[in-house]
Amino acid sequence: MVARAAREIAPGMVVNLGIGLPTRVVNHLSADFPVCLHTENGLSGIGPTLGYDKADRNLIDAGGAYVSTVPGSACFDSATSFAIVRSGRLDLTMLGAFEVSATGDLANWKIPGKFSPGAGGGIELAQKARRVVVLTTQTDRVGNPKLKEACSLPLTARGCVTRIFTDMAVIDVTPAGFALVETADGVSAAEVAEATDAPLALPDTAIPTF
Amino acid sequence: MVARAAREIAPGMVVNLGIGLPTRVVNHLSADFPVCLHTENGLSGIGPTLGYDKADRNLIDAGGAYVSTVPGSACFDSATSFAIVRSGRLDLTMLGAFEVSATGDLANWKIPGKFSPGAGGGIELAQKARRVVVLTTQTDRVGNPKLKEACSLPLTARGCVTRIFTDMAVIDVTPAGFALVETADGVSAAEVAEATDAPLALPDTAIPTF
Amino acid sequence: MRLPNKTRAIEEAIAGIKDGDTVMVGGFGVPGTPMTLIHALVDHGAQNLTLVKNDANEPGMGIDHLLQSGQVARLITTHLGLNSNAIAQMNSGALEVEFNAQGILAERIRAGGAGLGAVLSDIGIDTELAQGKQVVEMDGKSWLVEPALRADAALIHADRADPFGNLAYVATAQNFNPLMAMAATCVIAEVETLLPLGGLEADAIHTPGIFVDHVVELGQLSEEYAVVRR
Amino acid sequence: MRLPNKTRAIEEAIAGIKDGDTVMVGGFGVPGTPMTLIHALVDHGAQNLTLVKNDANEPGMGIDHLLQSGQVARLITTHLGLNSNAIAQMNSGALEVEFNAQGILAERIRAGGAGLGAVLSDIGIDTELAQGKQVVEMDGKSWLVEPALRADAALIHADRADPFGNLAYVATAQNFNPLMAMAATCVIAEVETLLPLGGLEADAIHTPGIFVDHVVELGQLSEEYAVVRR
């Protein structure tokens with residue numbers, strides 16, 4: 001699924017990869033692919049993640065991983081970094097999710113009573129990137145679908161998500177709700193629908209696999 | 001009067017010298033005097049003004065004069081420059097004036113129907129510097145007093161001026177109005193009062209001269 | 001991953017500007033004024049423009065060329081004192097002028113570049129500059145609403161750049177350039193020196209290339225960039 | 001003219017912080033966190049503090065020391081995910097926590113440093129983060145009022161400085177430091193390398209020394225500044 005999500009990045013894009021699964025997308029981009037990766041703690045032009053031995057103590061991404069730079073990287077303060085986000089200069093952000101609704105609402109920062117560490121930069125990414133896609137497992141640890149008719153958790157942003165990459169499928173958020181685009185190799189459309197807590201439209205044609 | 005005004009600058013101050021007469025104060029500060037001069041077009045640590053032959057085409061003050069730097073000068077954009085001004089980091093600004101009122105109102109940017117090129121950075125300097133003093137002639141070109149009971153011109157800022165240096169005198173703005181502090185050598189208190197269009201309090205003691 | 005290349009021929013960079021556009025122009029006096037891009041905009045010929053610029057340069061220099069060619073309908077600025085042509089056009093009604101306090105113009109542009117709606121300020125609140133402005137009460141105090149400014153295009157002058165559009169300025173040529181480079185849909189930078197990727201130190205970049213759309217390398221600088229002898 | 005000297009012993013720099021003060025602390029994770037100044041503030045002992053910091057570091061690191069010593073009554077922040085101590089204190093009610101969207105916290109601090117009253121933003125306007133916030137209508141759209149934040153003191157970490165307090169940061173250790181260095185009445189910077197006046201290039205200074213009150217030169221860096229092996 002991470003490799004499939006990486007193919008969503010078009011040449012020339014400015015992209016922010018959210019904490020967690022999305023960060024791993026960087027490992028699927030080739031050295032000569034033209035893209036600018038942005039991290040909200042103040043760096044454009046992220047290079048591959050580094051091991052502790054090669055790490056620069058002052059060079060991390062927003063998730064705390066030690067990253068490298070590429071020729072042309074730029075460093076900036078947090079106000080400038082979110083000016084980039086809020087003024088619409090991010091072509092794409094890939095975020096994790098607790099829940100995504102059939103109207104593209106995203107919940108990924110708070111589970112009342114259980115998990116409320118603050119949203120960090122997630123709200124601005126979700127609300128202001130030109131395109132927001134989600135990278136997540138189809139269900140949570142106990143098997144409950146993350147794609148639902150409506151979110152039950154506090155929202156990060158409304159109507160922001162346009163596509164979801166899961167371990168089972170690629171699913172679009174359309175004006176009519178969720179629509180299956182692709183399935184993972186060996187997964188059936190029926191299995192995806194079963195693991196989705198909302199209607200899932202199927203294409204008229206054969207469903208590609210990834 | 002310019003030399004006298006220069007003595008108003010205490011060691012360690014951050015000072016902005018307005019366009020016109022105030023700019024000349026720089027020539028009365030010694031090389032080892034501890035002070036930081038700020039110009040609103042984006043420089044802290046102004047050094048002496050330069051002639052055209054030695055000028056750097058990219059290094060001017062807000063009045064367009066070619067200036068130099070000192071060790072430790074910093075350059076910054078216009079937003080940062082006025083952040084310095086509005087957040088109260090200027091200990092002192094010296095400004096020119098068309099009129100000053102007995103309550104410290106300043107008018108120095110517009111003469112309706114005659115002169116209205118815009119206020120530039122003058123309003124923020126007058127409103128936000130910790131101390132605002134004025135450097136001007138006692139009367140205008142046709143002999144009309146610039147110090148008046150109330151300003152007739154559009155205001156730059158209200159109640160901002162605390163002291164005025166003129167070719168005739170040093171005059172404070174007190175809660176009771178104008179008060180004579182010093183006179184220029186050879187000028188009498190009566191002459192200053194005559195050239196002031198508002199009551200002028202005289203000290204009980206002998207009046208120093210400059 | 002490698003960073004995309006944004007170097008362009010000047011005509012291509014400027015081609016997207018349309019009649020009626022709002023165009024921000026960097027510079028405070030000569031330093032930082034994109035003299036070459038301004039001439040290209042005169043040649044391009046877009047009409048009925050709104051310009052945003054700190055000052056109107058001087059007669060025969062900088063944006064005065066756009067005023068003289070009649071391409072400017074409106075000017076948002078802080079001070080016109082050195083350009084008698086601009087003042088004459090304003091007084092005759094040929095040019096609509098909106099004056100801002102200088103630091104407030106800077107903040108309005110920055111707010112546009114930062115995706116904010118406005119800033120609240122008390123500058124000029126008890127003077128005629130407050131006339132017509134929306135007032136908000138907050139914690140018992142009155143504040144003026146100073147709306148964010150954005151533009152269709154920004155013309156920027158930088159000292160050094162790389163092909164991704166990372167920019168560095170020198171001395172007092174910085175002024176409004178880094179702010180305007182955040183606040184326009186299409187940001188065009190003319191640069192004195194174009195370095196390869198990696199030629200600018202990451203910590204010494206004033207404008208991250210993410211904000212910049214087109215990079216135009218200048219050749220020999222014209223006399224307009226030189227020291228002005230008055 | 002020469003620029004004044006602001007170098008101080010660490011105890012002298014920190015001495016002015018009082019019980020009940022609001023203190024901004026730079027850093028995002030380890031990079032840019034003024035570890036040494038934080039220890040000095042623990043030793044100093046000021047109580048009932050309000051801290052403003054992007055995150056709460058991790059247990060046993062950075063501002064966790066101030067949380068553990070019980071000096072912090074309130075924390076204005078964006079994310080506590082890596083500090084279980086902070087979350088426990090929040091859940092027990094020992095620590096009052098105010099969460100902000102990260103870029104909005106940055107803008108509120110910058111607005112304080114720029115002498116503005118607030119910024120208007122639409123971030124989170126249709127979520128629970130908007131609850132309790134003042135709303136302003138402008139041009140037919142609703143905006144949240146995000147008030148400026150200022151502090152009594154700011155603790156800053158810089159890579160290089162000169163005696164006047166001009167500061168330069170490296171890599172992602174910049175983060176909130178340049179913003180907080182604008183927004184406090186007393187700005188205290190710890191610096192890894194102290195250079196003579198003129199040792200920093202004027203165009204490569206991130207924080208002009210005008211904003212800085214005290215410069216503290218660090219000796220050998222403690223383990224707390226090192227790469228974190230999880």
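Note on naming: letters A, B, ... go to the chains in the order of the sequence lines (proteins, then strands), and numbering restarts at 1 for each one.
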For C/D126, is there any backbone N or O sitting under 3.5 Å from a side-chain donor or acceptor partner on B/R158? yes

Scanning both residues in full, the closest heavy-atom pair of B/N58 with C/G32 reads OD1-N, 4.5 Å

Interface check, chain B: of C/D55, C/N83, C/D122, C/N54, most non-hydrogen pairs under 4.5 Å belong to C/D122

Exercise. Looking at side-chain heavy atoms only, is the closest gap between C/I87 and B/P117 below 4.5 Å?
Worked result: yes

Item checked: Beyond-backbone contact of B/I123 with C/Q102, side-chain heavy atoms, under 4.5 angstrom -> no

Okay, B/Y52 and chain C: the region with an atom under 4.5 Å from a heavy atom over there is both

Cut-off 4.5 Å, heavy atoms of chain C, and the answer for B/A62 is both

Q) Does the side chain of C/E128 come within less than 4.5 Å of B/L155's, by heavy atoms? A) no

Turns out that what part of C/A226 lies under 4.5 Å from chain B's heavy atoms comes down to backbone

On a heavy-atom basis, the closest approach of C/R229 and B/D53 is NH2-OD1, 3.2 Å

Check: With a 4.5 Å heavy-atom cut-off, do C/H79 and B/I19 have their side chains touching?
Finding: no

Under 4.5 Å to a heavy atom of chain C? For B/Q127 that would be side chain

Check your understanding: Does atom CD of C/E137 have more than 12 heavy-atom neighbours, drawn from other residues, nucleotides or ligands, at distances under 6.0 Å?
Key -> yes

Quick check: do B/R57 and C/V228 have side-chain heavy atoms less than 4.5 Å from each other?
no

query = Should we count CG of C/D139 as having more than 12 external heavy atoms under 6.0 Å?
reply = no

Are any non-hydrogen side-chain atoms of C/L129 and B/K110 less than 4.5 angstrom apart?
-> no

Residues B/G42 and C/T172: closest non-hydrogen pair is O-CG2, 4.2 Å

One should read off an interatomic distance between C/M182 CE and B/D77 CG, to the nearest 0.5 angstrom, of 9.0 Å

Counting heavy-atom pairs under 4.5 Å with chain C, the top scorer among B/G121, B/C75, B/S78, B/A79 is B/S78

Ranking C/A101, C/G29, C/P178 by heavy-atom pairs under 4.5 Å to chain B gives rank one to C/A101

Bottom line for B/T156: the part with an atom under 4.5 Å from chain C's heavy atoms is backbone

What one should report as the nearest heavy-atom pair of C/G103 and B/E124 is N-OE1, 2.8 Å

Okay, C/Y225 and chain B: the region with an atom under 4.5 Å from a heavy atom over there is both

Item to check | Residue pair C/M90 / B/S116, side-chain heavy-atom distance below 4.5 Å | outcome: yes

Are B/L59 and C/P31 side-chain neighbours, meaning at least one heavy-atom pair lies under 4.5 Å? no

When the 4.5 angstrom heavy-atom criterion is applied to C/I123 and chain B, the contacting part is both

